[in-house]
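Below is one structure; the comments refer to it alone.
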There are 2 protein chains.
Amino acid sequence: MKIEDAIKSTTEMPIGKKTLLNITYTQNILSESFNELLKPYDLSPEQFNVLRILRGQKGKPANMCVIQERMIAKTSNTTRLVDKLLLKDLVIREVCTANRRKMDITITEKGLALLKELDPKVEAHENSYAANLDTDELHLLNNLLEKYRG
Amino acid sequence: MKIEDAIKSTTEMPIGKKTLLNITYTQNILSESFNELLKPYDLSPEQFNVLRILRGQKGKPANMCVIQERMIAKTSNTTRLVDKLLLKDLVIREVCTANRRKMDITITEKGLALLKELDPKVEAHENSYAANLDTDELHLLNNLLEKYRG
DNA sequence: ATTTTATAGTTGTATATACAAATGTATTGT
DNA sequence: ACAATACATTTGTATATACAACTATAAAAT
């Protein structure tokens, strides 16, 4: 669907406005369907994001500010986000011995198992959109976005 | 900045995942800077969006479900969004005489004046990103996004 | 005409988010 | 060593959002 139809715009938009709207709208579509995917697992996209960051640590714990900086959306309140994961036993949290200001957050086996269960679904989600473009177009899209951000 | 650096990813990502992440990340950058723009005006992006939809009505009122369907992000609770605008006298709300289930929402002079003040800033925001690409690239980006959504 | 179903919007409630202030620990300067 | 400053995280509070239940009106069915 064209962006103009999606937001029922009647008038022709300048290309700058249209591009911004198009990116915003596309991301909305993506996150809506991703939310659907996660709903049965009682996991928010942010929680999922944190789990995936922790898995990326390959056993090493991550502290709060590391999680924060690797998150796609820099949410305030990583604390409460991790709280939720703790309640579900998907992570453990302990004071870092080397620097007692920091917290060591580690993903649990249960967390890893949950991610493993989600992996194929997340991949299918990613690929369902990617499949609409060929490889060259995908690379082009990535390059254009990067250049667009400045 | 490359997406891999932005989220401090060490490993090479499959192109499908990367694209999705890139769109999400780009939109985050955009909305972050748009938020900054609106902050001095005590207006949320959603409130701004509603005002702009109402201006697009050119005097004609819009009812709630029309506002809802034209919004970029389909938020639940358009009611409370409009409540906020009402409190600031940016819109008026009255029961639609033709169909008493519906509400007629109209932007006020104050609302129009606020939009007018914002217009150049919003346009500058839009153009600051668009300026990083030439016209052909912008059209290409829009087409790729549309195709990507499927 | 009366019941049923559909539509439009609002409200209750639980949860999430943003932002600032507070807490506790480490580092630096004197 | 002690005060000042910086850093890492948490907590308080106000606001926003999601979702379901509710109210009111309109349209359709019997």
Side-chain angles (χ1 to χ4, degrees), chain A residues 24 27-28 31-51 53-54 61-88 91-106, chain B residues 24 27-28 31-51 53-54 61-88 91-106:
Chain A
T24 307
Q27 192 276 331
N28 261 283
S31 69
E32 223 165 275
S33 83
F34 191 53
N35 259 299
E36 283 306 307
L37 191 161
L38 288 180
K39 198 171 288 174
Y41 300 90
D42 189 35
L43 211 58
S44 73
E46 293 77 16
Q47 289 172 17
F48 172 78
N49 194 202
V50 170
L51 284 184
I53 289 165
L54 292 173
N63 42 54
M64 301 303 267
C65 53
V66 165
I67 294 174
Q68 179 104 287
E69 82 176 5
R70 297 206 185 162
M71 286 186 42
I72 304 153
K74 313 297 175 206
T75 175
S76 56
N77 261 323
T78 312
T79 300
R80 279 190 265 246
L81 206 47
V82 169
D83 284 346
K84 300 290 154 51
L85 296 172
L86 264 171
L87 282 174
K88 296 182 237 179
V91 303
I92 55 171
R93 171 164 61 187
E94 36 196 1
V95 176
C96 170
T97 46
N99 186 340
R100 291 163 36 76
R101 284 176 299 188
K102 297 187 179 178
M103 295 306 250
D104 281 345
I105 318 293
T106 318
Chain B
T24 307
Q27 192 276 332
N28 261 282
S31 68
E32 225 166 273
S33 83
F34 192 54
N35 260 298
E36 283 306 307
L37 192 162
L38 289 179
K39 198 172 288 174
Y41 299 89
D42 190 34
L43 211 60
S44 74
E46 291 80 15
Q47 289 172 18
F48 172 78
N49 193 202
V50 171
L51 284 183
I53 288 165
L54 292 173
N63 42 53
M64 302 302 266
C65 54
V66 166
I67 293 174
Q68 179 103 286
E69 81 175 3
R70 299 208 182 162
M71 289 190 31
I72 304 154
K74 313 296 176 208
T75 174
S76 56
N77 260 323
T78 313
T79 300
R80 279 190 266 247
L81 207 47
V82 170
D83 285 346
K84 299 290 153 54
L85 296 172
L86 264 170
L87 281 174
K88 295 183 236 178
V91 303
I92 55 172
R93 170 164 61 188
E94 36 195 3
V95 175
C96 171
T97 46
N99 185 340
R100 290 162 37 73
R101 282 176 300 186
K102 296 187 181 181
M103 295 307 253
D104 279 345
I105 317 292
T106 319

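All heavy atoms count here, side chains included; hydrogens, waters and symmetry mates do not.
- The 5' end of DNA chain D is approached more closely, in terms of each residue's nearest nucleotide, by A/Thr79 than by the other of A/Thr79 and B/Gln47.
- OP1 or OP2 of D/dA8 has not a single side-chain nitrogen or oxygen of A/Arg93 nearer than 4.0 Å.
- Contact annotation for B/Thr78: no contact, since no heavy-atom pair falls under 4.0 Å across all strands.
- Interatomic distance, CD of A/Glu46 versus CG of A/Leu51, reported as 12.0 Å (0.5 Å rounding).
- Atom-to-atom distance recorded for A/Gln47:CD and A/Leu85:CG is 5.0 Å, nearest 0.5 angstrom.
- If A/Thr97 and A/Asn77 are placed on DNA chain C by their nearest nucleotide, the residue sitting closer to the 5' end is A/Asn77.
- In this structure, A/Leu38 places its CG atom 18 Å from P of C/dT15, rounding to the nearest Å.
- Between B/Phe48 and B/Tyr41, the ring center distance fails the sub-6.0 Å criterion.
- Between the CG atom of A/Asp104 and the P atom of C/dT25 there is a distance of 15 Å, given to the nearest Å.
- The distance from atom CG of B/Asp83 to atom P of D/dA16 is 11 Å, rounded to the nearest whole Å.
- The 5' end of DNA chain D is approached more closely, in terms of each residue's nearest nucleotide, by A/Arg80 than by the other of A/Arg80 and A/Lys39.
- OP1 or OP2 of C/dT15 has not a single side-chain nitrogen or oxygen of A/Lys84 nearer than 4.0 Å.
- A close approach under 4.0 Å does not occur between any side-chain nitrogen or oxygen of B/Thr75 and OP1 or OP2 of D/dA16.
- No donor-acceptor pair closer than 3.5 Å links the side chain of A/Asn63 to the backbone N or O of A/Cys96.
- In this structure, A/Lys74 does not reach the C/dA18 phosphate: none of its side-chain N or O atoms is under 4.0 Å from OP1 or OP2.
- Rounded to whole Å, atom C1' of C/dA18 lies 17 Å from atom CG of B/Leu43.
- In this structure, CD of B/Glu46 is placed 18 Å from P of C/dA16, rounded to the nearest angstrom.
- In this structure, B/Met71 places its CE atom 14 Å from P of C/dG9, rounding to the nearest Å.
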Measure all distances between protein nitrogen or oxygen atoms and nitrogen or oxygen atoms of nucleotides 6-8 of chain C, and list the pairs falling under 3.5 Å.
from  : atom 1 : to       : atom 2 : distance (Å)
C/dT7 : O2     : B/Arg101 : NH1    : 3.0

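- For A/Arg93, the side chain to side chain donor-acceptor pair (under 3.5 Å) partners are A/Asp83, not counting sequence neighbours.
- Panel note: side chain A/Asn35, backbone A/Ser31; a donor-acceptor pair is recorded below 3.5 Å.
- Atoms OG1 and CD1, from B/Thr106 and B/Ile92 in turn, are 4.5 Å apart once rounded to the nearest 0.5 Å.
- Proximity of a side-chain donor or acceptor of B/Lys102 to a complementary backbone N or O of B/Met64 within less than 3.5 Å is not detected.
- Following rounding to the nearest Å, A/Asp42 (CG) and C/dA14 (C1') show an atom-to-atom distance of 13 Å.
- Ranking C/dT17, C/dG12, C/dT25 by closeness to the A/Ser76 side chain, first place goes to C/dT17.
- At whole-Å resolution of the value, CD1 in B/Ile67 and P in C/dG9 are 8 Å apart.
- Nearest nucleotide to the side chain of B/Leu81, out of D/dA16, D/dT17, C/dT25: D/dT17.
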